A.B. asks: 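If you scroll down you'll find the structure; I have some questions about it.
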Protein chains: 2
Amino acid sequence: MKGKPTSFDIAHHAGVSQSTVSRALRGSPLVSEETRKKVAEVARKLNYKVDKNASNLRAQQSSTLAVLLYEDPTTDDSQINPFFLSMLGSITRACAKEGYDLLVSFQSSSNDWHVDYAESHRADGIILLGYGDYIDYRPKFERLLATKTKFVCWGACVDGRPELTVSCDNQLGGSLVADHFIDLCRTDCAFIGDTSHHSPEFSARFQGFETRLQAHGKHVSERKIATAISTEESGYQATKSLLANNITFNALFGASDLIAIGAIRALQESGLRVPQDVAVVGFDDIPMARFCTPQLSTVQQNTTVAGQMLVDNLLNLISEQEIDLNKSILPPKLMLRQSSQ
Amino acid sequence: MKGKPTSFDIAHHAGVSQSTVSRALRGSPLVSEETRKKVAEVARKLNYKVDKNASNLRAQQSSTLAVLLYEDPTTDDSQINPFFLSMLGSITRACAKEGYDLLVSFQSSSNDWHVDYAESHRADGIILLGYGDYIDYRPKFERLLATKTKFVCWGACVDGRPELTVSCDNQLGGSLVADHFIDLCRTDCAFIGDTSHHSPEFSARFQGFETRLQAHGKHVSERKIATAISTEESGYQATKSLLANNITFNALFGASDLIAIGAIRALQESGLRVPQDVAVVGFDDIPMARFCTPQLSTVQQNTTVAGQMLVDNLLNLISEQEIDLNKSILPPKLMLRQSSQ
DNA sequence: CTGAAAGCGCTTACAG
DNA sequence: CTGAAAGCGCTTACAG
């Protein structure tokens, strides 16, 4: 027996057939307790592990999920949005808990490898994450649907397939921020992000924010909206451009924490104090939010819960069980810190 | 042909044998250009993808690497050290470039799954990352060596097997910080981290720091060293404990950025100004370092290069090629920012 | 350059 | 409860 032992080796040493070894190790109820113990004992002694490739091939499944992190094409290599890295951590844990391995790929929206994962039987299902341009996503959704690939998507909805989405209640999150600004009597608001359908999460946050302001007879002036993708630099530039045009405001809602952190830098550079002159609130609650100065108020999305929801829903999809749409919406939570006192 | 097409389907449609399909798709030189084209065309049309489980089983390899992120057991779920997340990103990219998939697992140092990855043929090799306790690692190294698992380790050395380690030149990094403090005439130094063999990276940083100070007739007083693991909270507490004992210093070297950021919080809470009263330098250059206030001076470890080195070395190990030890050491780079002017 | 055949190491009907 | 047998979909000697 050179090389790794096989189930035949175990069978031989345990004095049973190879089929019985397989059954015993998989916990089949068809095996007597005595036999199971004997097999387990020999397997442990010989340091035997079931060959995943063989078992996956035979069983026609992989016990593996894949996570695909789409990034804005402009984002530099090392600068992955920390929010998605937190998500990745919680997804990993959720997978481990369910006995699944996790393949990870970070990719720009240009290539098409994601389809491969499922079609080449490397993964049973796919989790899509990212703050990329939603318009770029849609053909990919079509492709995934056409190949009957099982997938769930964070944030962005697939048309007419709500069961494929897990998302924060972005609209509610936006309205929490509006309520907070109203409490502070800071209703001359700027919004930095994207209000278009290129970015469904950002625009939902804006909608919730705007709708609540309007309920109080206020609104965000068109001029006080600047477009940014989810990076510190983009938030900085967008805010700069507002300030360069002498546009004033006493509160600023950044569609993500990175945007808000960039906005604070721009404000401070222009001699504006946060929160005295401008109250700032972000979205995500990345670790950095607690450590920047002033500490950033933000809307928290609980990544531990979100990761578990994504994995749960995907596994339900794979096993063709009903999806509970109520378990697909993550409640946001306003975290008040120094930037909006 | 219901379900996914197989190589036999392609063979049938292309009018060749199944062996030829396999050869054509794998780019074998034994296939004529004409045949190759025909096969590729049919495969594309039928949306055929090679079944990875079958090809892996047959070829006895997986084209997959696994990365295991060990964490300090005290670290909370969502609080993965951002440095390792950056590493993860670059490792992912490096793997993709080499045509390998990447399995990811975050785990506490208690369990033993890592051995599984290789033994169950799920991965051809393993990358170990983490700021965990080195003493806990050693039995795991033994196990990996005993099972002839191919692996590389970030930071910590495996005894007598330098080819298994990829690491920053931590000692050089520490000496750069010492040089900088000497330039600033701030030689009454504190060190927050771990100088023991539980943490080889931190202690190498300290050694480099201390040795250089001694070359200038200075040194770090035993009393001014406080032990911390790599979290903001731990850095905060350790610094607090120094201050509570009325221990003074005009420079502080945090063994990691998170430690340094926690230290700054403790200093500021005690009314000490950074950098006026205490100059602070960290290690890693996590994204947060640029955004905290004051911006943190630190020793950068280039994660893009580091990830590529880890993957390159592991692939060389797998293909049993010589490892160039010079390509296993990452040069550190001092990044000067506001916290140590 | 191509094809027929063996076999990678399992899981799972089928028969007892 | 157990065993003998088929077969998952490939890769790769072997023969031509």
Side-chain angles (χ1 to χ4, degrees), chain A residues 1-40 42-43 46-64 99 116 118-124, chain B residues 1-40 42-43 46-64 99 116 118-124:
Chain A
M1 197 189 60
K2 59 267 160 167
K4 316 233 167 184
T6 72
S7 53
F8 283 94
D9 296 317
I10 307 305
H12 178 246
H13 283 261
V16 296
S17 75
Q18 182 268 339
S19 345
T20 299
V21 170
S22 178
R23 286 196 196 93
L25 262 22
R26 314 194 78 240
S28 161
L30 294 173
V31 175
S32 76
E33 195 47 36
E34 192 190 3
T35 308
R36 184 191 318 288
K37 270 190 189 146
K38 190 169 54 185
V39 169
V42 174
L46 298 189
N47 204 2
Y48 169 76
K49 306 282 172 187
V50 172
D51 185 303
K52 276 281 175 182
N53 290 133
S55 77
N56 288 342
L57 171 60
R58 181 53 234 245
Q60 292 294 76
Q61 49 135 41
S62 65
S63 299
T64 301
D116 270 327
E119 294 184 11
S120 59
H121 282 258
R122 282 182 290 182
D124 297 330
Chain B
M1 196 189 58
K2 58 267 160 169
K4 316 233 166 185
T6 71
S7 53
F8 283 94
D9 296 317
I10 307 306
H12 179 245
H13 284 261
V16 297
S17 75
Q18 182 267 338
S19 343
T20 299
V21 169
S22 176
R23 287 197 195 91
L25 262 22
R26 314 194 79 239
S28 160
L30 294 173
V31 176
S32 76
E33 196 46 37
E34 192 191 2
T35 308
R36 185 192 316 289
K37 271 189 190 147
K38 192 170 53 184
V39 170
V42 174
L46 299 188
N47 205 2
Y48 169 74
K49 305 282 171 187
V50 172
D51 184 302
K52 275 282 174 182
N53 290 133
S55 76
N56 288 342
L57 172 60
R58 182 52 234 242
Q60 293 291 77
Q61 49 136 41
S62 64
S63 299
T64 300
D116 271 328
E119 294 183 12
S120 59
H121 282 258
R122 283 182 292 182
D124 297 331

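As the structure is a prediction and not an experimental result, all values here were calculated from the model. Throughout, a chain's letter reflects where its sequence line sits, starting with A, and its residues are numbered from 1.
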A.B. asks: D/dC1 P sits how many Å from A/Q18 CD, rounded?
C.D. replies: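 From A/Q18 CD to D/dC1 P: 20 Å.
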
A.B. asks: Quick one: which of C/dG9, D/dC10, D/dT11 gets closest to the side chain of A/L57?
C.D. replies: C/dG9

A.B. asks: Contact class for A/S19 vs. all strands (heavy atom < 4.0 Å): base, sugar-phosphate, or nothing?
C.D. replies: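 A/S19: base contact, heavy atoms under 4.0 Å.
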
A.B. asks: Please classify the nucleic acid contact of B/S22 as base, sugar-phosphate, or nothing, using heavy-atom distances under 4.0 Å.
C.D. replies: base

A.B. asks: Nearest to the side chain of B/S17 - C/dA4, D/dG9, C/dC10?
C.D. replies: C/dA4

A.B. asks: Looking at the side chain of A/D51, which of C/dC10, D/dT2, D/dC10 is the nearest nucleotide?
C.D. replies: C/dC10

A.B. asks: From the list C/dG9, D/dT2, C/dT11, which nucleotide is the closest neighbour of the side chain of A/R26?
C.D. replies: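 The answer is C/dT11.
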
A.B. asks: Please determine, for the side chain of A/T35, which listed nucleotide (C/dG3, C/dC1, D/dT2) has the closest atom?
C.D. replies: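 The nucleotide sitting nearest to the side chain is D/dT2.
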
A.B. asks: Can you tell me the base-pairing partner of C/dG3? Count Watson-Crick or G-U wobble geometry only, both distances below 3.5 Å, and say none if there is no partner.
C.D. replies: D/dC14

A.B. asks: Send over the distance from B/N53 CG to D/dC8 C1', rounded to a whole Å.
C.D. replies: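 Between C1' of D/dC8 and CG of B/N53: 9 Å.
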
A.B. asks: Contact class for A/R23 vs. all strands (heavy atom < 4.0 Å): base, sugar-phosphate, or nothing?
C.D. replies: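 The answer is base, as A/R23 lies within the cut-off (heavy atoms under 4.0 Å) of a base atom.
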
A.B. asks: Is any side-chain N or O of B/R58 under 3.5 Å from a base N or O of C/dG9, one able to act as donor and the other as acceptor?
C.D. replies: no

